[in-house]
Structure formats: C-alpha cells, structure tokens
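Throughout, protein chains are lettered first and strands after them, A, B, ... in sequence-line order, and every chain is numbered starting at 1.
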There are 2 protein chains.
Amino acid sequence: MKRRRSVARAAKTKPGKNAAPPKCAPKLALGQLDRHLGYFLRRLQIWVFQDFIETLRSMKVRPAQYSVLLLIEANPGRSQAVIGQTLGIERARLARLLHEMERRKWVARRASGSDARSHSLHLTADGEKELAKIKSLAERHEARLADHVGPKRHRQLMDLLRDFG
Amino acid sequence: MKRRRSVARAAKTKPGKNAAPPKCAPKLALGQLDRHLGYFLRRLQIWVFQDFIETLRSMKVRPAQYSVLLLIEANPGRSQAVIGQTLGIERARLARLLHEMERRKWVARRASGSDARSHSLHLTADGEKELAKIKSLAERHEARLADHVGPKRHRQLMDLLRDFG
DNA sequence: TATTGTTATACTCTATAACTATA
DNA sequence: TATAGTTATAGAGTATAACAATA
C-alpha cells in the first residue's frame, strides 16, 4: 500500500479513461436505504440530469438555464427575484446565470417602470429562436425518460408529483 | 443602476440575512416546465436533501455519507469500487469521503485477502454506535417526508420508484 | 429599515486526468 | 494492458456575507 503524497503535477502523458465503466451491476444489499424515498428519487434524478445534459450538449444548456428560459418565456417582464423564488434559485446564482445568458444575447434585462431597483426580464429574438431548438431537444429527452421508466410509470409519477405543492 | 465593480473586501459589519425568505408564492406560469417529470422530481429532491441535512445536522452527516455507511453495514468487507458503483459515486470522491469517515473512526479500511490492490470496508464499533443514532434521525426525516407529500402518495411513489431499476 | 441586484467566498458534488501499486 | 485506490484540478451548484441603489 502506501499510495499517498507522490502526485501528478500536470505532467500530461496520455488521455487515460477514468470514468466509471458500465460493467455488470454488483447487486449489493441496500439495507435501510431501501426504505428511503429520497434514495430512489435521487437515483432517477441523476439519470434525468445526465440524459438532459447529454441531449442538450450541442446547445450548451444546463437544466437550471433551461428552466429560467422557459419561465421568462411564459412570464415575460418579471423580475429576477420572482423568477428565482419560483425556481428555488438563489438570487446570487441567478445573477451570474443571467449574466451568461445576456452575454449570449438570449436574454435582455430592461429597467422596470415601477421599481427602479428591479430588472424586467425578456427573451431576445435570438433567444426565442434558440429556445425553439432547445425545446425540441428537451422533448426528445422527455421521450427518452418516458421510455426509461416506462410510459405508464412516467404518467403516474407525473400525476403524483405535479398535483402536490 | 450600475452596480458592478465596487465590492466587499471582507469588511464584516453585521450578520445580514440573505437567505430566500419564505414569502407568499408568486404563482408564475410554468410553461413547458409543466411537462417535464425531471422538474417535479427535482423540486421534491431539493426538499428531501434540505430536510435530511437539517435533521442530521447535529451528527454532521450528509446524504452521500449516510448512504455509504448503510451500504457498508449491509455489505461488510466489500471494496470501494463495488460500493461506489452501486451508489453511483466516483471512486475519486469516495476515497475522500472514506478518508473523512476513517478520521472520525467510523469506518476501517482493511487489506483484502484476495486482491492486494483493494481495501475491504467495515464499520468500527464506534461507527456502528453512531450509525444507530443516525438511523433514528433518518427515520424521523422519512416520517417528515411522508407527512410532506402525504402518506398515501409517499407509499405510491416508493412503490413506483423502487420496483424499476 | 427592507428589498433588488451584484460580487465575493467557502463548501459540496461531479468530472476528469494522472499517478502508484498490483493484477 | 487493465484495475483499485489516491490526489489534484476545474466546473457546477448551494449557502452566506456584504455592498450600492432604491423603496
């Protein structure tokens, strides 16, 4: 043993794959984990995020960005505070997120008429055009998800989760 | 406006609350978000993690650590590779996670008899004692979760999510 | 005094690369 | 050559603190 303190210093020799290989599942006992809804929720959530990110890689859009774009589209002119509260995104984080989307010319922050402190958020023409493409990829992702869990289970989960909260 | 470049430099005056206030929900239109299972999955997942972390704050145990402890308890002697694959935790991250748990004297890494490269993982007596406390707190969290979504929905979600995968 | 948006910092988590010891 | 475990680093995401402008 003794494998510590002897490390890489940006030597760069070969690519070297390190990602978790598919392999056969080892099938361990889950113990108490089997009684935690959060565990199963999280397993599926990981799958969803990975598939979403993979499916939308060409557009370089992450789940949080996508949700912000959709919310601005459905509620143009609202403030950052309201968008952030609805999605549960910290206003500090949302500020940086929007800065990036402004840089990409997808979103415009205009002065609010009623309150000089707040910005009113809008999609640009470019943003709307790009969002159309993004939405079609997101639909492809959703179809894959329905296929992954089974169409019936997909519908049941949607019903259960949507009409609470 | 013009609120950029004029910033804090560890001035430290007052605590100042910055966290998202509860407030009344602004009730925005969700648009296409309403058709994405991942969105609702994530909303609930965020609630679960926050409640779990809060409930187990006194033990300083996070969800990933908890899942590793349970899996070692249910499968003593297995290797890091197998534990990590089962939980979907990168081996790099698991190594640091276990380093921390070893420091706390909850987990012991022993040499494997069959393969000198791998470690076999076990709970220490201390680890088992602490895990008992942790599990009782985790049960309290699970009860709160059942209360949050409703006992019936909790059971339905568990059934749907458990028997797939 | 409180709120909106901003920047900064620290920590967790994920992903990847590179290294060692061993197979 | 491949695998198990380690360390390092970079990027998201979360949480918190502090600030300027405004209410």
Self-check item: Side chain of B:Arg117 (C-beta onward), nearest among C:dT12, D:dT3, C:dG5
Solution: D:dT3

Exercise. Measure from CD1 on A:Ile53 to C1' on D:dA12 and round the result to the nearest Å.
Key: 9 Å

Quiz item: Is there a side-chain contact (heavy atoms from CB on, under 4.5 Å) between A:Ser79 and A:Asp115 once you walk through the steps?
Solution: CA-CA 10 Å; A:Ser79 69; A:Asp115 187 335; over 6 Å; no

Quiz item: CZ of A:Arg109 versus P of C:dT6: gap in Å, rounded?
Solution: 4 Å

Exercise. Please state whether the phosphate of C:dC13, meaning OP1 or OP2, lies under 4.0 angstrom from any side-chain nitrogen or oxygen of B:Arg62.
Key: yes

Quiz prompt | Nearest-neighbour nucleotide for the B:Arg42 side chain, D:dT14, C:dT22, C:dT4 considered | solution = D:dT14

Exercise. In sequence, state the C-alpha distance, the side-chain angles, and the governing distance for A:Gln80 and A:Arg109, and then conclude on side-chain contact (heavy atoms from CB on, under 4.5 Å).
Key: CA-CA 9 Å; A:Gln80 296 182 198; A:Arg109 288 192 258 205; 3.0 Å; yes

Exercise. Specify the residue among B:Pro63 and A:Ala92 whose closest nucleotide of DNA chain C lies further upstream toward the 5′ end.
Key: A:Ala92

Quiz prompt | Whole-Å distance separating the CD1 atom of B:Ile89 from the P atom of C:dT16 | solution = 17 Å

Self-check item: Contact under 4.0 Å: B:Arg93 side-chain N or O vs C:dT16 OP1/OP2
Solution: no

Practice problem: Report the distance from atom CD of B:Glu90 to atom C1' of C:dT12, rounded to the nearest whole Å. | Solution: 15 Å

Practice problem: Using the closest heavy atom to pick a nucleotide of DNA chain D for each, name whichever of B:Gln50 or B:Arg96 lands nearer the 5' end. | Solution: B:Arg96

Practice problem: Would you mind reading off the distance between A:Tyr66 atom OH and D:dG13 atom P, rounded to a whole angstrom? | Solution: 16 Å

Quiz item: Considering only heavy atoms, which members of residues 75-83 of chain B lie under 4.0 Å from some atom of DNA chain D?
Solution: B:Ser79, B:Gln80, B:Ala81

Quiz prompt | Between A:Arg78 and A:Ser120: side-chain donor-acceptor atoms closer than 3.5 Å | solution = no

Self-check item: Parallel, tilted or perpendicular: ring planes of A:Trp47 versus A:His148, cut at 30 and 60 degrees
Solution: parallel

Quiz item: Nearest nucleotide by nearest heavy atom, which residue falls closer to the 5' end of DNA chain C, A:Leu94 or A:Ile46?
Solution: A:Leu94

Quiz item: In whole angstroms, how far is the C1' atom of D:dG5 from the CZ atom of B:Arg110?
Solution: 18 Å

Quiz item: Does the side chain of A:Tyr39 pick up a donor-acceptor pair with the side chain of A:Arg43 at under 3.5 Å?
Solution: yes

Quiz item: How long is the line joining CG of A:Leu97 and P of D:dG13, in whole Å?
Solution: 7 Å

Self-check item: Non-neighbouring partners of B:His122 that pass ring pair (Phe, Tyr, Trp, His ring centres under 6.0 Å), sequence neighbours left out
Solution: none

Practice problem: Let me know the distance between NZ of B:Lys60 and P of C:dT12, rounded to the nearest Å. | Solution: 12 Å

Quiz prompt | Polar pair under 3.5 Å, donor/acceptor by atom type, side chain B:Arg91, base D:dG5 | solution = yes

Practice problem: Establish, from distance only, whether the side-chain atoms of A:Glu142 and A:His154 form a donor-acceptor pair under 3.5 Å. | Solution: yes

